[in-house]
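Numbered from 1 within each chain, the chains take letters A, B, ... in sequence-line order.
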Number of protein chains: 2
Amino acid sequence: MTTATPARLTAKGAATRARIVATAADLVLARGVGGTSLDDVRAGTLTSKSQLFHYFPGGKSELVLAIADLQMERVLRAQRPFLDTLDTWAAWDGWRDALVAYYGSQPHWGCPIGTLVSELVGTDPAAAAEVVGHMDRWRGLLRDGLGRMRESGLLRADADPGRLALAVFAAVQGGLLLTQAMRSIEPLTAALDAALTALRAAAPARHPAVLR
Amino acid sequence: MTTATPARLTAKGAATRARIVATAADLVLARGVGGTSLDDVRAGTLTSKSQLFHYFPGGKSELVLAIADLQMERVLRAQRPFLDTLDTWAAWDGWRDALVAYYGSQPHWGCPIGTLVSELVGTDPAAAAEVVGHMDRWRGLLRDGLGRMRESGLLRADADPGRLALAVFAAVQGGLLLTQAMRSIEPLTAALDAALTALRAAAPARHPAVLR
DNA sequence: CCAGTATTGGACCCTGCGGTCCAGTAACAG
DNA sequence: CTGTTACTGGACCGCAGGGTCCAATACTGG
């Protein structure tokens, strides 16, 4: 549903399309959807208006959706391989570091995914719903890891993986929001460390050694 | 700097101005800055274009700033009296409940303050900076409470109030972001509970009783 | 009552921007 | 070689929306 552009694409066309999405992503991620005009995109990609609508017949909405897809792919990739195997505390630590390393290396501070959704909610609810779906996928991976940890005894039986994942995910999003606002990576690291501390508090007592 | 409207206001004028801000706040908080036109505000307040610019010579920017001021005042008020006396665990619990109660009772899900800043960052950096200043004030109150708790021994001497406050604040903002996206209060409660769990992990060991 | 100022209403302007159209060019299939 | 389809350039359109102006009306202080 996200790539229903023209029926057939030649190699050249695909390249142009990719170039548009990549450049547009940089612009939108830095300046927001409302702060980026199609003319900006046109200028940044050395293309013409007709090409934009050739590759994205749905107009700006479709382009924004493609950007969201791309960005989500990037973010998930940056968290691998840890993201799929959050079964141990070591994996969570690695995941934390990967996330910090990724966002610390980004030119534009902050998390355009969370930012994007908050902007779209009041503007383009359909697109917002799609992006929320992506975020649910992300959050689901955290929850799955926590579920497996409960199975294996690394979390207490009364721990609620869904709720814990929600809290960790909120910490990530909030940390990124503040990272963007304050132009510093520290909010993200502080939020992540606190979230992981909270996770460890859901580990069984009597076995502090297992926390490392 | 935030209320440099006309020099003198009659009672009637002040009332009109207040009505404009209040109604505009509802619109902007629900639909975002970009999703709210001055014409929407005009229609919603039964006023005219000239009145908008009479009371907010700076145009939309100034209006948005006034809205941010109002909303920040509301949010801070909802957290009192706990917010100023976060010296005990009981106060933190009360604070948490007050926050949940406030946002749970709002018609529009989510936290327009964090949302606002993320939208403004790419559109109106000056306004964004002002709102960030407000958020710093808020965060500062959390930090101050934690500082006093460290003084009084409720937190370990090696705890970092600034960093902990940052983490809690990030949890609040992230929880609210997800609350808006998912149309549920649960992300906020989960994030807050985890944040408070992390705080308690910074309490001195050997005295678990003091946690209650 | 009178000047002066605050408060309104609403017509108007103009830029920016999303979106359309068409005509010209390149590339592929047969 | 030729028809067809993808690709590209750019002029153009319509309108939404921020912002200006002016003239009419209320209100205030003296």
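Paired with A/Val33 under the rule side-chain contact (heavy atoms from CB on, under 4.5 Å), one option of A/Leu27, A/Val64, A/Ile67, A/Thr115 passes, and it is A/Val64.
Nearest to the side chain of B/Phe53, among D/dT20, D/dG10, C/dT8, sits D/dT20. Side-chain atoms of A/Leu9 lie closest to D/dC7 of the nucleotides D/dT8, C/dG18, D/dC7.
Between A/Phe56 atom CZ and C/dG19 atom P the separation is 13 Å, expressed in whole Å. C/dG10 atom C1' lies 9 Å from atom CZ of B/Arg42, rounded to whole Å. Rounded to whole Å, the distance from CG on A/Asp39 to C1' on D/dG10 is 11 Å. A/Leu38 places its CG atom 4 Å from the P atom of C/dG18, with the value rounded to the nearest Å. Atom-to-atom, NZ of A/Lys60 to P of D/dA16 comes out at 16 Å; the value is rounded to the nearest Å. One interatomic measurement links the two molecules: CD1 of A/Ile20 to P of D/dC7, which rounds to 11 Å at whole-angstrom precision. Spacing between atom NE2 of A/His54 and atom C1' of D/dA6 amounts to 5 Å, rounded to whole angstrom units. Here C/dT8 presents its P atom at 13 Å from CZ of B/Arg17, a figure rounded to the nearest Å.
Using a 4.0 Å heavy-atom distance criterion, A/Thr10 is classed as a sugar-phosphate-only contact. Using a 4.0 Å heavy-atom distance criterion, B/Thr36 is classed as a sugar-phosphate-only contact.
Taking the nucleotide of DNA chain C with the nearest heavy atom to each of B/Lys12 and A/Ser37, the more 5' of the two is matched to B/Lys12. Nearest-nucleotide mapping onto DNA chain D: of B/Val33 and A/Ala14, the residue sitting toward the 5' end is A/Ala14. Of the two residues contacting DNA chain D, namely A/Gln51 and B/Asp40, the nearest-nucleotide position lying further toward the 5' end is that of A/Gln51.
With sequence neighbours excluded, the residues forming a side-chain contact (heavy atoms from CB on, under 4.5 Å) with A/Arg137 are A/Glu73, A/Leu76, A/His134, listed by chain and number.
Between B/Arg139 and B/Asp136 there is a salt bridge, since a side-chain N of the basic residue sits under 4.0 Å from a carboxylate O of the acidic one. Taking 4.0 Å as the cut-off between side-chain N and carboxylate O, B/Arg150 and B/Asp160 do not count as a salt-bridged pair.
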Requested in this report: For side-chain contact (heavy atoms from CB on, under 4.5 Å), just list the numbers for B/Arg163 and A/Thr189, CA-CA rounded to whole Å, side-chain angles, deciding distance to a tenth of an Å, and then say yes or no.
Outcome: CA-CA 9 Å; B/Arg163 193 173 169 82; A/Thr189 61; 3.6 Å; yes
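In this model, the phosphate group of C/dT7 is not approached by any side-chain N or O of B/Ser50 to a distance below 4.0 Å at OP1 or OP2.
Judged by distance alone with a 3.5 Å cut-off, a donor-acceptor contact links the side chain of B/Lys49 to the base of D/dG19.
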